[in-house]
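Before any comments, here is the structure.
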Amino acid sequence: MSVPPGAYVILAAVLFFIGVVGVIARRNPLIQLMSIELLFNSANLVLVTFARVWGNNAGHIFAFLVITVAAAEAAIGLAIVVIVFRKTRFVDVDEVAALKG
Amino acid sequence: MHDYPLLFVIWLFPLIGALVLWAFGPQLKSLGGPIGSAMVGVAFVAALFAWNDATTGAGAHQALFAWLPQFVFGLQWDRISLVWTLIITGVGFLIHVYSIGYMAGDHAFARFFAYLNFFVFAMLTLVLSDNFVGLLVGWGLVGLASYLLIGFYFERPSAVAASRKAFVINVVGDIGILYAVFVIVAKIGAIGYGDVFANVAKFSPGELFAVCLGLFIGCAAKSAQVPLHTWLPDAMEGPTPVSALIHAATMVTAGVYLIARCAPLWNASSDARVLVGSIGALTAITGAILGCAQWDIKRILAYSTMSQIGYMIMGVGVGAFDAGILHFLTHAFFKAQLFLGAGIIIHNLADEQDVRKMGGLRRKMPFAFAAMLIGVLSICGIPGFSGYFSKDAVLSGTLAHGHPVMWAVGVLTAGLTAYYMFRMLFVTFLGQYRGHVDPSELGLRHPELAGTAHAAHAADEHGHAHAPAWLMSGPVALLMIPSVLIGWLDLGGDASPWGRFFEPVFGHFEPAAGTPPESLTSLVVLVLVAAGLGIAYARYGHPRALIEAIPRLREETVRMPAALTNRFYFDTAIDALFVRTSFVLGRVFGTIVDPLAIDAGVREAGFSAQWLGHLFRSFQTGLVRAYALALAFGAACFALYYVMIGAGR
Amino acid sequence: MIGFVLLALAMIASALFTVTAKKPVYSVVGLLANFIALAITYLTLHAEFLAVMQIVVYSGAILILFVFVIALLSSGTKPFEAGPNRMPRALLPAALFGLVGLAAVAAAVGGTIFVPATIPGATGEAGVFGSVADFGTALFTRNLLPFEVTAFVLMVAIVGVVLLAADESPLRAPKRAQRESITGPREPIAR
């Protein structure tokens, strides 16, 4: 490999960082869920990178399972967004503050 | 021998009496008197039976229990204990019998005897213990008994105040003794008298003086020595038998007992001897001066007690132990007799205690006059009466041990004693009865200033049938005999029965060459006593004085110096120094320290918990983004940690 | 090297666009671009099967799900409603924490840019590293349990979605009334 794996790791970190900022700084839950997908993908990138480095395809398996679980999580998350929209007519995460104590 | 069960009889019968009378007082009612007296009588008889065992060898001993390996408690029975026990139980028995008559009709009759029995038990604990801690236990119990008995009429605020005062001053003494015990234990490691006295040489002079000082503070408090004497005049608030037993014959002599018992300590420290002797002499003369200014018959006797105990303390303090103990012996008899006689007078005059309102009782109460006369003759040291022998022994002993200043003070006091005791006698018994005279004629505008005690229990006395007169006059009559005769035991100096009795304990003391003989002391005392008697007669007993009694008494009342009326301002000083200070401290703590510091601390604990709760509550915004931000913060911290600490590198 | 740099730029740019776009549909498109770039990156890392999976499952299924939900939510005339911003200055702290994490990772990685040897060889019994055969063999032999569990997870997700988002359509009203006459009315889930 001519590209050092460290570069992939840093790239994944940058994507992760962008995803985190997206979750915190946006109020639309759909955007937040998409940012969460970005987080998943950055992790996948690291996994695949090191699978390549060590020649071990356990990283691929792990990444595949991550994709699967991300799909399930996205489905449920979207279902919750739909319900909240039905009840409150808002698509704003700030309005769902029932746990305020 | 180390097993002597008879001691248990002597020691515990009064306790049994006290417990029985406490528990079943209301049911026993008037049986309480005979029961209490019987218990003390049994103890007295047992003590008589045990006489021989006290005088053979080193006496008898009964072990009690071992608290720690070096702290073994026990009872000891030797000559000193014997003398004190006989007085406590003997005079105690007579006073119990007397009280059956005096307290008849009182609604707390059985309680009185319970307390008296408890006092006898406590005093026996004090004199029978063979170690310092047992002594201290008895010391404290006796203080408690005194508190209970002084405040017997607890509905009276003055009685309650007096009992509290006595107790607090006693506690000051307890602290002194406790300190001495600490030093002893630290140095010697044991508390038994035998162990300590065998190792006196281990103390450095400074430590020995500290021990003696601590012990003497206790003695001063218990035996009403200056400056811890202020409780004794006020203690006359208690019933007269209490004054006779506790504050004349027995409890106040506990200090004398302690010094006599610890003779080896005192023999080794000349500084302590000087201190004790000086305080004794000072107390003797102070008591005598103040006695000249009193109008309450019980208070006159109280100050005379203080003065005579000053003599005793002076005697045992300088090292004339058998002289001091002899004076204790004689004083027990004649002072008890004086008090009981005064009690007869007070009882018959419906609780009148002011001598200005008496007078002419020689014809009305001849028996009381005879009793008081014998007592006064004895206390003044008239030759032939027992007080003469003991007072001379003390004074010549003081001189022989090399303390001429104390001797001079003591001799002067003897003169003053004669003056004020005969003053009391003449004013009370001679002339016309002044009971019907208007109090203002006698100068009694403010009776409380003259120091008389109010008797609030008068209503109880009348309306009940009087107890037979022999219950009260019998003990007094019995006491007349030793008041006169007991002093004769000391006839013959060191070869006398008394000197030989105590020689095994205190050894033989050879006065330095050039010491004036005992006859010099007798002569000087005699001269001063005659002078005192003469002055008293001229002022109060002369026929001309008797005719002008009322205006003379009024004039004396009005012109009494303020220093004497205020008892040399001891009470004022103590009040200003300690009592006010305590009140101020209490106020400071109550209004400043408690609300601002302690309460504030507790309050702030609650508030800070609340504040912390509010703080954490502010984190719960309910906003998902805020929670996500917190997560991000945590993740950043983790990342930093792993980079900096390098976990698992 | 050039390829990597281009792909990296593409990924970062598309991610930024996803996060900052005004409308959700734009974000979806940005995310799609990100996934495609990621898939190509997987190809450069010899993870061919995974690259295809990325496109098919992630872009093809999940993103479509997002599009459907956006469509559902924006049905009707009203656009997406939004209340007031209750955390107005959230960007700065978030960026700060993210940068700290990023710096940490960079510090961890920076000193150790290592260049490994060539590929040791495929671990699967048949095929080249990253191929379908390689992947499938590993999946169905050594990692069979996680695979089955994942299936279970998906099933739970499906059941959950159905339960959560079941529509209160008029067809179901009589049955609901009948049920609620016995059990009582059901509490709403969100306030």
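Nothing here was measured: the structure is a model prediction, and the numbers come from that model. So that the names make sense, note that chain A is the first sequence line, chain B the second, and so on, each numbered from 1.
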Rounded to the nearest 0.5 Å, what separation is found between the OH atom of C:Tyr42 and the OG1 atom of A:Thr49? 8.0 Å
Under 4.5 Å from any heavy atom of chain A, what part of C:Ala61 do you find: side chain, backbone, both or neither? neither
Below 4.5 Å from any heavy atom of chain A, which atoms of C:Leu16 appear? Answer side chain, backbone, both or neither. both
State whether the side chain of C:Ser59 and the backbone N or O of C:Val56 hold a donor-acceptor pair below 3.5 Å, judged by distance alone. no
Who among A:Val9, A:Val69, A:Val23, A:Ile31 has the most heavy-atom pairs with chain C under 4.5 Å? A:Ile31
Quick one: of C:Phe147, C:Phe4, C:Phe49, who has the most non-hydrogen atom pairs under 4.5 Å with chain A? C:Phe4
Can you tell which of A:Leu78, A:Leu65, A:Asn41, A:Asn44 has the highest number of heavy-atom pairs within less than 4.5 Å of chain C? A:Asn41
Checking ring pair (Phe, Tyr, Trp, His ring centres under 6.0 Å) for the pair A:Phe50/A:Tyr8: CA distance, chi angles, key distance, verdict? CA-CA 9 Å; A:Phe50 282 102; A:Tyr8 285 99; 9.4 Å; no
Please classify the contact between A:Ala72 and chain C as side chain, backbone, both or neither, with a heavy-atom cut-off of under 4.5 Å. both
Select, from A:Val21, A:Ile18, A:Ile24, A:Thr68, the one with the greatest count of heavy-atom pairs under 4.5 Å involving chain C. A:Ile18
In terms of heavy-atom proximity below 4.5 Å to chain C, should A:Glu37 be classed as side chain, backbone, both, or neither? both
What part of C:Val5 is in contact with chain A, defined as an atom under 4.5 angstrom from a non-hydrogen atom: side chain, backbone, both or neither? neither
Among the listed options C:Phe97, C:Phe68, C:Phe135, the residue most often paired with chain A at heavy-atom distances under 4.5 Å: C:Phe135
Report yes if the side chains of C:Ile36 and C:Leu32 come closer than 4.5 Å at any heavy-atom pair, otherwise no. yes
Residue selection (most heavy-atom pairs with chain A, distance under 4.5 Å) from C:Leu63, C:Val153, C:Asn143: C:Asn143
Does A:Arg26 reach the side chain of C:Thr18, with side-chain heavy atoms less than 4.5 Å apart? no
Are C:Glu48 and A:His60 close enough that some pair of their side-chain heavy atoms sits under 4.5 Å apart? no
By a 4.5 Å heavy-atom criterion (distance strictly below it), what part of C:Ala21 contacts chain A: side chain, backbone, both, or neither? backbone
Between C:Tyr58 and C:Phe35, what is the ring plane arrangement, given parallel below 30°, perpendicular above 60°, and tilted in between? tilted
With chain C, the option among A:Ile61, A:Leu11, A:Ile76, A:Val20 that has the most non-hydrogen atom pairs under 4.5 Å is A:Ile61
Kindly indicate, with the supporting measurements, whether the criterion side-chain contact (heavy atoms from CB on, under 4.5 Å) is fulfilled by C:Val19 and A:Leu38. CA-CA 10 Å; C:Val19 164; A:Leu38 275 178; 4.1 Å; yes
Contact check, side chains of C:Val132 and C:Val52, non-hydrogen atoms, under 4.5 Å: no
Please look at C:Leu38 and chain A and tell me whether the side chain, the backbone, both or neither of the residue comes under 4.5 angstrom of a heavy atom of that chain. side chain
Option in A:Ile80, A:Val93, A:Leu33, A:Val81 with maximal non-hydrogen atom pairs under 4.5 Å from chain C: A:Leu33
Measure the spacing between CG of C:Leu65 and CD1 of C:Ile70 and express it to the nearest 0.5 Å. 10.0 Å
Please state whether the side chain, the backbone, both or neither of C:Val161 comes within less than 4.5 Å of a heavy atom of chain A. both
